[in-house]
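Below, chain A is the first sequence line, B the second, and so on; all start at residue 1. What you are looking at is a predicted structure, and each value in this text was computed from that prediction instead of being measured.
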There are 2 protein chains.
Amino acid sequence: MTTQSGSASPRAATLTDVARLAGVSIATASKAINGRDQVKAETRLRVLEAAERLSFAPNALARGLLKGRTGTVGLLTSDLEGRFSIPVLMGAEDAFGAGRVSVFLCDARGDAIREQHHVRALLSRRVDGLIVVGSRTDPRPPLSADVPVPVVYAYAPSEDASDVSITADNVGAGRLAVEHLLSCGRRRVAHVSGDPGYKAAQDRAAGAAAAMTAAGLELVGGQTFFGSWSEGWGRGAARMIVEQHGDVDAFFCGSDQIARGVLDALRELGRDVPGEVSVIGFDNWEVLTTNARPQLTSVDMNLERLGRVAAQRLFAAIDGTVRPGVEELPCRVVTRASTVPIS
Amino acid sequence: MTTQSGSASPRAATLTDVARLAGVSIATASKAINGRDQVKAETRLRVLEAAERLSFAPNALARGLLKGRTGTVGLLTSDLEGRFSIPVLMGAEDAFGAGRVSVFLCDARGDAIREQHHVRALLSRRVDGLIVVGSRTDPRPPLSADVPVPVVYAYAPSEDASDVSITADNVGAGRLAVEHLLSCGRRRVAHVSGDPGYKAAQDRAAGAAAAMTAAGLELVGGQTFFGSWSEGWGRGAARMIVEQHGDVDAFFCGSDQIARGVLDALRELGRDVPGEVSVIGFDNWEVLTTNARPQLTSVDMNLERLGRVAAQRLFAAIDGTVRPGVEELPCRVVTRASTVPIS
DNA sequence: AAACCAACCGAAAAGGTTTTCTGAATGTAT
DNA sequence: ATACATTCAGAAAACCTTTTCGGTTGGTTT
């Protein structure tokens, strides 16, 4: 049964209504509500009561029109389903939500046309700035140059070095992971990673290799085993490596999914984790790490922090202070049962 | 090195600029741009060229102020990290993005105070409507009554039956899952589910029991085995059930995580899936289903569609047409290797 | 008593767009 | 040539808030 809404909303209360009810001019009402000091305490009280009674909410459109600042920012993501954008987005939303800023969310689905379309819409709404969130750490083409508001690129940096970009330090992360394994007393470390077409995969591998070299060691097999970001690849790679290099005593995996596969294969091969072999994953995806047997140590990219930092940089840029270039935030190792020191 | 931005953005072009450049009044410019028919073709062309040259974008604030409609809606979610909100959000974003509507995203983190705060901010920005997305199907308290714009509740319905709510048909989903297992020739179906405090768990269990009854059968153990939404519980429950009811030939799991645990346990017990036992999960979470051995059949709640429908209902409500009550959308079974007909 | 000061309030402009109504110009019918 | 219809352009109001500046009131100083 379809009905017409008899919506009992006559009209949202305006400052004029408040002023009339309080028996003052709109100028005074405005000053009273905004805490300006040109109004007597008693009058202010009267105005505030009136505002309360009418549940008055100042019209942000009118205010934005007047002040040139809207207190809104656009958050442009390329793929919401990807699990990297979400934490970044949360961090940003968090940092903004603390203040008086609201966030427009747009998903471009990796389509440049759609992205352009969204940018236009956002500019038309006079956002104060934009955050562009990518799903890979490979640099991406910048937005068309004539965007009249500050832009910050998060996770996926801009190709243009004069833009402001925030991303995760994947080289450092690779180093951290290997150093953690070494600190557990391991020496024969294999690195199983995903699609080599990802810059993140290459960076982590570079960091891992560097850390091994620094310790006077070499990765098992003398290389990184690239494949796909799947459990299946993890299983296959682990079996192959154990067969060819029986003395392997640690796996640094390029993702938690790969690590899950490695863990499964090791169990089936009768290798004890963490007794004989240590395993560390990447991404610290709770649902995978905490359900693994044993629970999985993993590298956390701190994406939420990344989002927060991006928001802060955007704030700064809106206030006119910019620090162009790519800022790489450190990752951290979250230790669980799959890596323990050799006793 | 921090620098002051020499931002080369003098000022966004306004309609006045366009009009001046085209040598017409702003009224004519407006009409030309908006396709009104009070303007000569040749004049319109001149205006459009001018607008193009200045890359003019009409100020949505001014327009919204005047027309009373802003073309924005608020999307209020209670937990972004939860994986149920995201697809709904995507569907809604999608449905809106197709038109001229932009979406404000707010995450209340399950905190009523923060929610209230966000609602106020959104109303201050004069959104045309609100979608409230929950992370569980348990009914939730409605927003405070004096919200002057239409509200649609998605996934988590409102406790107030006169509100508009869209959710997933979990009873029907339970029935579907069991019917699928029966159609594969199974008769001894066990139902392993998660936290019984979730309405979704109860609903699915009810649907499953009903389907068994309708087929003249009974669930293995005469009940649903509730526990937690984890792989660990799936493993433990499967072991227990196989021990106590050795003739079990199918598992309906309350989540894909539980199903993963069940699959692991069955493999370790030497029970062949899908040869001896069929397993069906719930949520159709790709990363879990497609990486399972064998790949996991699962019930998909179609959350993206749910988001889209919510957006459509909101559109309708904004246009004055409302259909109060809880609308339950059907789920569907996505068949993979873990369930095949007995040959 | 005159001049001055402080405290408070209100009028008005500005911000950019849409829409209505009036006005001008051109063309058509008588 | 006059009356009239038609087509197009522009002036102005409206939307709601903030802020500046001028004005009023009452009290204080010389």
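- In this model, the phosphate group of dT17(D) is approached by a side-chain N or O of Thr14(A) to a distance below 4.0 Å at OP1 or OP2.
- Both Ala41(B) and Ala57(A) lie close to DNA chain D; mapped to their nearest nucleotides by heavy-atom distance, the more 5′-ward contact belongs to Ala41(B).
- Atom pair Lys31(A):NZ and dA7(C):P shows a separation of 14 Å (rounding to whole Å applied).
- Atom-to-atom, CG of Asn34(B) to C1' of dT17(C) comes out at 9 Å; the value is rounded to the nearest Å.
- A salt bridge does not link Arg313(A) to Asp319(A): none of the charged side-chain nitrogens sits closer than 4.0 Å to a carboxylate oxygen.
- For Arg36(B) and dT19(C), the shortest distance from a side-chain N or O to OP1 or OP2 is below 4.0 Å.
- For dT19(C), the OP1/OP2 oxygens have a side-chain nitrogen or oxygen of Lys67(B) closer than 4.0 Å.
- Here the C1' atom of nucleotide dA14(C) and the CG atom of Leu61(A) are 16 Å apart, to the nearest Å.
- No option in Leu143(B), Ile131(B), Val326(B) other than Leu143(B) meets the side-chain contact (heavy atoms from CB on, under 4.5 Å) test with Tyr153(B).
- Atom CZ of Arg126(B) is separated from atom P of dT17(C) by 21 Å (rounded to the nearest Å).
- Look at Glu42(B) and Arg46(B) and you find a salt bridge, because one of the NZ, NE, NH1 or NH2 atoms lies within 4.0 Å of a carboxylate O, short of that distance.
- The side chain of Thr43(B) contributes an N or O atom lying less than 4.0 Å from OP1 or OP2 of dA9(D).
- The side chain of Ile26(B) sits closest to dT18(C) out of dG10(C), dC9(C), dT18(C).
- Candidate nucleotides dT17(D), dC9(C), dG10(D) were compared by shortest atom distance to the side chain of Lys40(A), and dC9(C) ranks first.
- Between Arg125(B) atom CZ and dC15(D) atom P there is a gap of 22 Å when expressed in whole angstrom units.
- For dG15(C), the OP1/OP2 oxygens have no side-chain nitrogen or oxygen of Asn59(B) closer than 4.0 Å.
- Within 4.0 Å of Ser30(B), counting heavy atoms only, lies at least one base atom of the nucleic acid.
- Summarising the geometry, atom OG1 belonging to Thr16(A) is positioned 5.5 Å from atom CD1 belonging to Ile26(A); distances are rounded to the nearest 0.5 Å.
- Residue Thr28(A) places none of its side-chain N or O atoms closer than 4.0 Å to OP1 or OP2 of dC8(C).
- Regarding contacts with the backbone of dG10(C), a side-chain N or O of Ser25(A) is found under 4.0 angstrom from either OP1 or OP2.
- For the pair Ile33(B) CD1 and dG16(C) C1', the computed distance is 12 Å after rounding to whole Å.
- Set against dT18(D), dA12(D), dT18(C), the side chain of Ala27(B) has dA12(D) as its closest nucleotide.
- Look at CG on Leu66(A): it is 19 Å from P on dA14(D), rounded to the nearest Å.
- As rounded to whole Å, 13 Å separates atom C1' of dA14(C) from atom CG of Leu65(B).
- With respect to the salt-bridge test (charged N to carboxylate O, under 4.0 angstrom), the residues Arg109(B) and Glu81(B) do not qualify.
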